[in-house]
Novice: 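Okay, handing you the structure first.
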Amino acid sequence: MFTAEGPRDADVMVSDGVITRVEPNLPSSARVIDARGRYVLPGAVDVHVHSRDPGFPEKEDFETLTAAAAAGGVTVVLDMPNTVPAVDSAGALESKAALARSKARVDFGLWGIIRSSSTSGQLESMAAAGAVGFKAYLAYPFSLGRKQVLSHAPADDPDIEPPADYGTLARLAATLARIGLPVAIHAEDPAILAAFRRPLSGYGDLLESRPPEAEAVAISAAGAIARDAGLHLHIAHLSSAPGLQAAEDAIGGGARVTVETCPQYLLLTERDFERTGTAMKVLPPVRTEADRLALLDGLRRGVIGIVSTDHAPHTDEEKALPFEQAPAGSPGVQTLYLSCLQIAKEIGDVWLAPRWVSRAPARLAGLEKSKGAIEPGFDADIVIVDPGGRTRVRAAGMRSRQRHGALEGHVFDFAIKDVLLRGEAAGDRARGRMVRPALVAR
Ligand code: NCD
Ligand code: ZN
């Protein structure tokens, strides 16, 4: 069993969905799960998923997202705000919460968006309505017409609002620091992207069009604002060695910065594109072996504390478009835990995995008193893993609406056996609850 102090042998007693005792040789009770020889782990908290709900049910919805999450040992998902309508106000957050409650098979939390037009009042009311944090898409303009967050601004769209930029962050920094919730950024500097923009005929063009300097510059600039204001900056989907260096510099300079990366950046490199095709087209892009090794080292040293998925499904038809038109994003929530167990095993300490996917993410979400640990008083969100199992990622076994993801064909030396959400098998019914951060000093 995973504990904060390391692995140990023990029994867990659960009553009314909550862990009541964790000790060796507890008396038998009404229902027993025999987990001898297995890993007993806290459920994962995936801090970065895209449910596409409301807005794009053909890509995914809360039901298919959370069924995939449950199958993979993810018992809390934090959903990004680039749904349609975007989550830019308390009202939008509340209606998305009602929708998610009717469908969610695991617990969920909701991010709010920072638009270039956002006001302090909007951020404050989203926090009061239960937002887990705020996301700023520094490189993505906002389409007022379709209310969508776009990776490229169509030149002829009159309804485009410019992306939130460093000015937006600086303008709202005092409010964000006072609220205290994490401020996640999609870290790509728009000026650098503009300078490197080119037609995308192949994977090499994608890499050249989104250089790692764009990530490093965005992190440095946002890091400077975060340090001065005392706000909590969270770097989403870190993808490069220069980005990691920038995050370390910001932390070294006294900014409060947390960093996440994703399995696709830890398991794949540009060379995999030949095999995967557009399934691997994600933003920021999967880069070189040197970047991958730097990220593994950042995880090992604890600079990167969280592994999320950036689960971003699209339809098979969309992903089959020519490279330039195919939208960026890959599903991943179902393979988060297995990916991280494999990566942690290869680093030499399998018990790092629950730290990256459960304990540190629960803390980011303000859930450190209820999620992310197997301790009395915590929710009985428990994942039982067979360390002698073997799982091959196959589209046919995926619950997400986009079944063919970037990790198709990968083999993991583990198998997920049981997933409990508050003490009962997760996945069968819409039992998910909305989580709200406990606004304690973090
Ligand atoms: C995401 C999406 O499709 O919403 N795509 C992606 O490639 N990661 C957007 C994002 O997280 O940047
Ligand atoms: Zn994302």
Side-chain angles (χ1 to χ4, degrees), residues 46-61 65 77-87 96 109-114 132-143 146-153 163-164 182-190 193 200 203 206-207 209-210 214-215 218-219 234-240 243 259-265 268 273 276-287 306-316 318-319 321 323-333 336 361 364 400-402 405-407:
D46 188 343
V47 304
H48 190 154
V49 303
H50 296 273
S51 70
R52 310 302 191 197
D53 199 5
F56 304 98
E58 68 283 9
K59 296 177 195 268
E60 190 80 300
D61 69 11
L65 166 76
V77 290
L78 303 188
D79 196 46
M80 284 296 168
N82 62 333
T83 39
V84 182
V87 179
K96 186 172 178 179
L110 301 178
W111 291 89
I113 196 166
I114 300 176
V132 293
F134 302 103
K135 172 83 177 277
Y137 288 89
L138 298 175
Y140 293 2
F142 194 84
S143 162
R146 293 169 56 228
K147 280 259 188 144
Q148 190 192 349
V149 178
L150 303 163
S151 58
H152 294 292
V183 178
I185 57 164
H186 179 108
E188 290 190 286
D189 179 78
L193 295 190
L200 304 181
Y203 199 78
L206 180 69
L207 283 182
S209 72
R210 315 201 74 116
E215 187 167 72
I219 292 169
H234 179 71
I235 311 301
H237 45 48
L238 189 79
S239 68
S240 71
V259 184
E260 89 191 24
T261 189
C262 314
Q264 53 272 31
Y265 305 114
L268 302 173
F273 179 74
T276 65
T278 56
M280 199 181 96
K281 184 182 177 191
V282 297
L283 294 176
V286 169
R287 302 181 195 270
I306 293 175
V307 183
S308 70
T309 61
D310 193 12
H311 176 90
H314 298 283
T315 66
D316 290 341
E318 289 169 321
K319 291 300 274 187
L321 288 168
F323 184 69
E324 177 140 41
Q325 286 92 47
S330 167
V333 72
L336 175 66
L364 179 78
S400 185
R401 212 152 267 163
Q402 186 195 334
L407 296 182

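Only a predicted model underlies this, so the values are computations on that prediction, with no experimental measurement involved. Throughout, numbering of the chain's residues begins at 1 and tracks the sequence. For ligands, and for the atoms within them, numbers begin at 1 and follow the listed sequence.
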Novice: Counting non-hydrogen protein atoms only, what is the nearest one to atom 7 (O) of ligand 1? Give residue, atom name and distance.
Specialist: Leu283 N, 2.8 Å
Novice: To the nearest 0.5 Å, what is the distance between CG on Asp46 and CG on Asp79?
Specialist: 10.0 Å
Novice: Just checking, any donor-acceptor pair under 3.5 angstrom between side chains of Ser51 and Glu60?
Specialist: no
Novice: Ignoring angles and geometry beyond distance, decide whether Ala312 reaches within less than 3.5 Å of ligand 1 through its nitrogen or oxygen atoms.
Specialist: no
Novice: Measuring from the heavy atoms of His48, does anything fall under 4.0 Å of ligand 1?
Specialist: yes
Novice: So for ligand 1, is Asn82 a polar contact partner (N or O within less than 3.5 Å, distance only)?
Specialist: yes
Novice: Does only the side chain of Arg52 get under 4.0 Å from ligand 1, or the backbone, or both, or neither? Count heavy atoms.
Specialist: side chain
Novice: With respect to the Zn ion (ligand 2), what is the nearest N, O or S atom of Asp310?
Specialist: OD1
Novice: Are any of the N/O atoms in Asp310 less than 3.5 Å from those in ligand 1?
Specialist: yes
Novice: For atom 5 (N) of ligand 1, find the nearest protein heavy atom and state the residue, atom name and distance (0.1 Å precision).
Specialist: Ala328 O, 3.3 Å
Novice: Are a donor atom and an acceptor atom from the side chains of Arg287 and Ser239 found within less than 3.5 Å of each other?
Specialist: yes
Novice: Donor-acceptor pair, Arg401 side chain versus Pro57 backbone, under 3.5 Å?
Specialist: yes
Novice: Out of His186, His237, His234, which one pairs with His48 under the ring pair (Phe, Tyr, Trp, His ring centres under 6.0 Å) rule?
Specialist: His237
Novice: Could you walk me through whether Lys59 and Glu318 pass the salt bridge (charged side-chain N to carboxylate O under 4.0 Å, His left out) check?
Specialist: CA-CA 9 Å; Lys59 296 177 195 268; Glu318 289 169 321; 3.0 Å; yes
Novice: Backbone or side chain, does any N or O of Lys135 fall under 3.5 Å from an N or O of ligand 1?
Specialist: no
Novice: His314: heavy atom below 4.0 Å from ligand 1, yes or no?
Specialist: yes
Novice: Tell me, please, if His186 has any N/O/S atom, main chain or side chain, under 2.8 Å from the Zn ion (ligand 2)?
Specialist: no
